[in-house]
Each structure stands twice: as structure tokens, then as C-alpha cells.
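Reviewing the structure listed below.
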Amino acid sequence: MIDFTLTEEQRQLQDLARRFAEKEVKPRAAEYDRQPDPRDSFAAEASRKACALGFHAMLVPEEFGGMGLGMQNFCLVIEELAAADIGFAMNFGVSCAISKMIADHATPAQAERWLRPYVDTSGATHHLLAFGGTEPSGGTEIVCPEPNPEYGTRSTAKRVGDDYVINGAKNFITNASRAELYGCMVRTDKSKPNFESNSIFFLTPDTPGFSVGKLEDKMGHRLMSNGELIFDNVQVSKDDMLGAEGGGLPIFASVLGVNSLGAGALALGLSRAAYAMAEDYARQRVIWGRPITQYQSIGNMLVDMKMQIEATRLLVQRVAWAADHDVHDGAIHHSMVKVYASEMARKVTVDAMQVLGGSGYMKDYPAEKYVRDSMVIPIYDGTNQVLRQFMAMDMY
Ligand SMILES: Cc1cc2nc3c(=O)[nH]c(=O)nc-3n(C[C@H](O)[C@H](O)[C@H](O)COP(=O)(O)OP(=O)(O)OC[C@H]3O[C@@H](n4cnc5c(N)ncnc54)[C@H](O)[C@@H]3O)c2cc1C
């Protein structure tokens with residue numbers, strides 16, 4: 001039997017996230033969004049409070065002090081945060097995905113070293129993680145499945161005794177200027193094909209030779225910091241490697257699965273907010289003596305928006321449920337969530353702007369922000385073109 005009812009615990013979690021987002025994030029989202037300098041767009045106080053509630057540690061197991069949530073509950077929280085601001089929500093979604101990568105693949109000593117300080121919210125700051133995969137040569141280049149070793153990740157880690165020396169650069173990285181721990185995927189053997197020669201390392205920002213370069217001035221998601229990570233002869237120990245040497249790409253791919261679900265929940269929250277704004281406006285906007293909801297083309301547009309949001313929620317919940325129950329039935333690929341939800345969000349936010357007419361184009365309403373925020377979802381975490389290609393390779 002299929003039951004879509006949330007448990008009492010889930011309702012409480014959803015309610016906690018909703019109340020937090022509406023009180024701490026939503027009221028100042030537009031103000032942060034409009035800061036011309038990306039360094040001023042980070043909602044530091046709200047981030048600290050979100051960490052105090054444990055939202056950065058949703059996917060860290062309880063044994064390390066995290067919330068130990070499953071993917072369904074993670075998606076519930078991310079949707080609520082994204083309904084207030086998608087950039088803010090993504091800071092936490094990405095950080096949670098990276099913490100899960102560590103929890104799933106770290107040795108007990110590494111988990112102690114990396115996760116304990118991350119979950120500890122006794123200090124007066126936020127806790128976020130960053131992971132550098134994408135490089136200037138291409139976010140798609142680093143996942144190259146071709147056997148020719150010339151293709152793939154360009155950044156390298158060269159073994160020197162028990163240490164490795166990392167050189168290279170990563171770009172567009174989320175939480176670039178705000179993280180306390182940085183992961184990166186680099187090539188440890190350039191004579192082998194890309195898919196068997198990437199390795200993952202974690203390091204703290206004070207590691208000599210590591211620096212954060214240019215911070216991006218983005219169209220949307222402005223409450224999120226994105227920038228360049230520079231590795232200039234960065235010396236790390238073999239104990240800083242996550243998983244086995246050469247085993248980095250499958251670990252990275254497992255994080256993309258979490259990110260796909262996270263992106264689905266982000267798209268849901270954003271679209272839900274855009275729909276609510278459009279519905280509210282349409283009920284109140286009177287033209288020729290009637291609210292515009294009474295005109296078929298507007299009513300139908302609103303119905304379509306609602307329908308697409310509800311269909312996406314079912315897809316998110318279905319795939320999250322499968323992840324929580326370790327079900328690998330192959331019926332639905334997790335990338336479908338990201339592709340479908342992100343394209344839905346672009347459509348719903350543009351339609352929401354249309355419902356508001358000229359007002360939708362002005363900054364008095366959040367409609368234009370929702371459109372800007374929606375544009376990048378089909379691009380990050382693997383472009384939709386590439387995800388479709390990988391799904392086709394996997395399925396046929
Ligand atoms: C807001 C934001 C946050 C991000 N956060 C992170 C992060 O935290 N960590 C991280 O590692 N990266 C991050 N990225 C990078 C993101 O994952 C990449 O931008 C994305 O993977 C695409 O890479 P690219 O921009 O280099 O485009 P390219 O890979 O150069 O692709 C260019 C175009 O060619 C198409 N294309 C390329 N190859 C193929 C192919 N084989 N088949 C079909 N089409 C193809 C693509 O779809 C795209 O349209 C972020 C990006 C953004 C915008």
C-alpha cells in the first residue's frame with residue numbers, strides 16, 4: 001500500500017524548517033540578493049542559526065553528532081528553505097551532500113577529524129563545506145568516460161613519499177569563500193583513463209598553497225558564494241585522501257545522486273514560492289470587473305503550474321523513498337529528478353512572471369528574482385544535456 005502521509009516527526013521537521021525560513025531567511029532575501037558585491041550577499045546570521053538547528057548536519061550520522069536524516073526528510077527541509085531563498089538553501093544542500101560523501105567513505109579517523117568539528121555549533125559561526133570538481137577546462141570534462149588519458153580532470157596530485165602535492169584550479173565552486181573544509185577531485189595518475197585515475201582529498205583553508213580566487217558575480221542564487229579554488233603546490237598527506245587512490249570518480253558520482261535529489265527539492269521550493277505569489281496576485285488583480293483568475297488563460301496557466309509542482313513532488317518523494325529503502329529497481333533514475341524538476345522550475349517561474357504582467361518584470365515583486373534563480377538549475381550538478389546523455393548510456 002502506498003501512503004503519502006507525513007509522519008508526525010516529519011511534519012514537525014517540515015514545520016520547524018518552514019518557520020525558520022519564513023522568519024530568518026525570507027524577510028532579508030531580496031536585500032542580500034541586490035548587494036552588488038557578492039561578498040556582501042551571504043546571510044551570515046541566518047546561516048549560523050540554521051547550523052544551530054542542525055540543517056548543515058542533516059546527513060551526518062547521529063554517531064558523529066549529526067541529525068542522521070534520510071533523503072526524504074532532507075528533501076522536506078531543503079524545499080522549505082528554498083521557498084524562502086534558493087541560494088541560501090543550496091549552501092546547505094551542497095554542504096549536506098559533501099558531509100554524506102565523507103560519512104559514507106571516510107575511515108573512522110577521518111570521520112572524527114572532518115565531521116566532529118563540522119557538526120560542533122558551540123562557536124559563533126556557520127559551518128559549511130565546499131567541493132571542487134569543475135575546472136576551467138569544463139565541468140563536463142572532469143566526468144569524461146573516454147579511455148584516452150588525455151581527457152578528463154586536469155588538476156593533479158603527485159605522490160611524494162607519504163604525501164601528495166596538488167596543483168590546479170577549480171571554478172564556480174559553491175561555498176567557495178565560506179567553507180571550513182574543502183574537498184577536491186584531482187588526477188593521481190595521468191597515464192590512466194580519467195575514470196580510474198581521479199582521487200579525492202580534503203583540506204582546511206589554512207593549508208599552504210591553497211587559496212580562494214575570483215568570486216563570481218552571478219545572475220541568481222546570489223545568497224550563495226561561488227568562486228575559484230587555487231592549488232599551488234599544496235602538500236597534503238595520504239591520510240587526507242577520501243577512499244582509495246583512483247577511486248574518486250565513483251565517489252563523486254554518488255554525491256551527484258544526493259545533489260540530484262537536493263536540486264529537485266530546491267526547484268520545488270522555488271516553484272512553490274513563485275506559484276503562491278502568482279496565485280495571490282491573480283486573485284487580487286481585477287480587470288474588467290473580475291479577478292484575472294476568472295479568465296481561462298490565466299486560470300489554466302495557474303492550474304498547469306500547480307500540476308507540474310505536484311508531479312515533481314511525487315518524483316522527488318519516489319526517488320528519495322527508494323534511496324532511504326535501498327531500493328535499486330532501475331525504474332527511475334535519480335538524474336530524472338534533477339532534469340525534470342529544474343526544467344519545471346524554469347517554466348513555472350517564467351509563467352508566474354507572466355501572470356503578474358508588467359509588475360512581474362519590476363523589482364517590487366520577487367517574480368524577476370525567481371526567474372533569475374531558476375535559470376541555473378539545469379546547469380549545475382551536471383548540465384541537463386549531459387545528465388540525459390549519461391541516463392541514456394545507463395538505460396539503453
Ligand atoms: C551556481 C553554480 C554552482 C556550482 N557549484 C559547483 C560546485 O560546488 N562544485 C563543482 O564542482 N562545480 C560546481 N558548479 C559547476 C557546474 O557543475 C558546471 O558549470 C557544469 O557541470 C557545467 O560545466 P561547464 O560550465 O564547464 O560547461 P561545459 O562542461 O563546458 O559545457 C558547455 C556546454 O556543452 C554541453 N556539453 C558538454 N559536453 C557535452 C556532452 N558530452 N554531451 C552533450 N552536451 C555537452 C553542456 O551541456 C553545456 O551546455 C557550479 C556551477 C554553477 C553555475
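Both counts, for ligands and for their atoms, begin at 1 and track the order of listing.
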Regarding [X] and [Y], does a basic nitrogen lie under 4.0 Å from an acidic carboxylate oxygen?
X: Lys363; Y: Asp33; result: no
X: Glu80; Y: Arg272; result: yes
X: Lys26; Y: Glu22; result: no
X: Arg11; Y: Asp15; result: no
X: Arg116; Y: Asp120; result: no

Tell me, which protein residue and heavy-atom name are nearest [atom], and how many Å apart are they?
atom: atom 29 (O) of ligand 1; result: Thr140 OG1, 2.5 Å
atom: atom 15 (C) of ligand 1; result: Thr134 OG1, 3.1 Å
atom: atom 45 (C) of ligand 1; result: Val386 CG2, 3.7 Å
atom: atom 5 (N) of ligand 1; result: Thr174 OG1, 2.8 Å
atom: atom 24 (P) of ligand 1; result: Gly139 N, 3.5 Å
atom: atom 2 (C) of ligand 1; result: Asn226 ND2, 3.6 Å
atom: atom 50 (C) of ligand 1; result: Phe172 O, 3.4 Å
atom: atom 49 (O) of ligand 1; result: Gln385 OE1, 3.9 Å

Any atoms of ligand 1 less than 4.0 Å from a non-hydrogen atom of [X]? List them with their elements.
X: Ile379; value: 20 (C)
X: Phe131; value: 7 (C), 8 (O), 9 (N), 10 (C), 11 (O)
X: Gly133; value: 10 (C), 11 (O)

Would you check if the side chain of [X] reaches a backbone N or O of [Y] as a donor-acceptor pair within less than 3.5 Å?
X: Arg372; Y: Gly220; result: no
X: His334; Y: Val319; result: no
X: Asp189; Y: Gly246; result: no
X: Glu135; Y: Ser155; result: yes

Between [X] and [Y], what is the ring plane arrangement, given parallel below 30°, perpendicular above 60°, and tilted in between?
X: Tyr118; Y: His56; answer: perpendicular
X: Tyr182; Y: Phe210; answer: tilted
X: Phe20; Y: Phe55; answer: perpendicular

Original post:
Would you say atom 43 (C) of ligand 1 has a protein heavy atom nearer than 4.0 Å?
Top reply: yes
Original post:
atom 32 (C) of ligand 1: protein heavy atom closer than 4.0 Å?
Top reply: no
Original post:
Among Thr383, Leu387, Val94, which one has a heavy atom closest to atom 48 (C) of ligand 1?
Top reply: Thr383
Original post:
Looking only at non-hydrogen atoms, which of Val376, Ile142, Asn384 approaches atom 53 (C) of ligand 1 most closely?
Top reply: Val376
Original post:
For ligand 1, does Lys170 get within less than 4.0 Å through its side chain, its backbone, both, or neither, judged by non-hydrogen atoms?
Top reply: neither
Original post:
Is ligand 1 under 4.0 Å from a heavy atom in the side chain of Asp381, in the backbone, in both, or in neither?
Top reply: backbone
Subject >> Contact check, Gln389 vs ligand 1, heavy-atom distance below 4.0 Å >> reply: yes
**OP:** Give a yes/no verdict on whether any heavy atom in Met185 is under 4.0 Å from an atom of ligand 1.
**Re:** no
Original post:
Side chains of Ser237 and Asp163: is there a donor and an acceptor less than 3.5 Å apart?
Top reply: no
Original post:
Does Lys218 reach ligand 1 with a nitrogen or oxygen that is under 3.5 Å from one of the ligand's nitrogen or oxygen atoms?
Top reply: no
Original post:
If you measure every N/O of Gly138 against every N/O of ligand 1, is any gap under 3.5 Å?
Top reply: no
